[in-house]
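One structure below.
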Amino acid sequence: MRYWLVKSEPDVYPLSQLKEDGVTPWDGIRNYQARNFMRDEMKVGDLVLFYHSNTKPPGVVGLCKVASEPYPDALQFEEGHKYFDPKATEEKPRWILVDMGYVETFEHPISLADLKSDPALEGMLVTRKGQRLSVQPVEQHHFDHIVALGRGTSR
DNA sequence: GCCAACGTTGGC
DNA sequence: GCCAACGTTGGC
């Protein structure tokens with residue numbers, strides 16, 4: 001099993017919405033590296049840190065999980081849609097996603113400042129300046145540490 | 001294939 | 001709202 005982090009702007013799709021929906025297609029990803037992670041490396045059941053970006057404060061607010069095999073993002077075919085891609089066809093889709101399923105909301109969200117100041121989390125991608133990737137891998141020891149912080153079961 | 005221009009992300 | 005960092009586009 002591998003571990004991941006996905007970013008979402010709470011104004012657009014907060015974790016509370018995923019809690020309501022239960023499962024949602026992780027659509028609108030238009031970055032090849034992020035797509036490749038979803039298409040090639042995610043496995044059903046992988047656990048994923050849910051990160052709120054572009055908010056005050058940004059940080060990890062809970063957990064979700066990979067809930068489907070990869071399949072084409074339907075929005076790429078919707079003419080006029082923000083995520084329409086004229087170069088994508090049903091035969092040759094360009095954008096591939098997985099479903100995300102709700103797991104839990106942390107009692108203690110971990111802000112980006114917390115992530116950055118915690119020596120146990122040194123080297124995490126999300127704390128790197130200029131790191132914009134919205135789907136990224138997380139090392140297991142980082143993941144475990146964050147979950148313990150989020151649940152309030154560490155220290 | 002280079003690289004300038006442009007658009008986007010996302011912290012602050 | 002600003003702007004640094006980075007990805008993408010398109011002219012040449």
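Every chain is numbered from 1, with letters handed out A, B, ... down the list of sequences. Below, each value reflects all heavy atoms present in this structure, side chains not excepted, and no hydrogens, waters or symmetry copies.
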Taking only side-chain nitrogens and oxygens of A:Lys116, does any of them come within less than 4.0 Å of OP1 or OP2 of B:dC12? yes
Side-chain N or O of A:Tyr51 closer than 4.0 Å to phosphate OP1/OP2 of B:dG11: yes
Tell me: [atom1] of [X] to [atom2] of [N], nearest whole Å?
| X | N | atom1 | atom2 | answer |
| --- | --- | --- | --- | --- |
| A:Gln33 | C:dG7 | CD | P | 7 Å |
| A:Ile29 | C:dG7 | CD1 | C1' | 15 Å |
| A:Leu115 | B:dG11 | CG | P | 11 Å |

Name the residue closer to the 5' end of DNA chain C, choosing between A:Asn54 and A:Arg30 according to the nucleotide with the nearest heavy atom. A:Asn54
For A:Leu75, the rest of its hydrophobic cluster, which grows through side-chain links under 4.5 angstrom: A:Tyr83
Remaining members of hydrophobic cluster (4.5 Å side-chain criterion), A:Val44: none
Selection residues 34-55 of chain A - residue pairs positive for salt bridge (charged side-chain N to carboxylate O under 4.0 Å, His left out), sequence neighbours left out: A:Arg2-A:Glu41
Suppose the criterion is salt bridge (charged side-chain N to carboxylate O under 4.0 Å, His left out): which pairs have a residue in residues 70-84 of chain A, not counting sequence neighbours? A:Arg30-A:Asp73
Angle between the end axes of the helix from B:dG1-C:dC12 to B:dC12-C:dG1, five pairs per end, to the nearest 10 degrees? 10°
Provide the full list of ring-ring contact (aromatic ring centres under 6.0 Å, His included) pairs with a residue in residues 27-63 of chain A, sequence neighbours left out, each pair given once. A:Trp4-A:Phe37, A:Trp26-A:Phe50, A:Tyr32-A:Trp95, A:Phe50-A:His52
A:Arg128: which residues meet the salt bridge (charged side-chain N to carboxylate O under 4.0 Å, His left out) condition with it, sequence neighbours left out? none
Heteroatom pairs (N/O) under 3.5 angstrom, protein to nucleotides 2-5 of chain C:
residue : atom : partner  : partner atom : Å
C:dA5   : OP1  : A:Lys129 : NZ           : 3.2
C:dA5   : N3   : A:Arg132 : NH1          : 3.4

Tell me the side chain to side chain donor-acceptor pair (under 3.5 Å) pairs involving residues 10-19 of chain A, sequence neighbours left out? A:Tyr13-A:Asp21, A:Gln17-A:Asp21
Ignoring hydrogens, what is the shortest heavy-atom contact between A:Val135 and A:Val6? Give both atom names and the distance. CG2-CG1, 4.1 Å
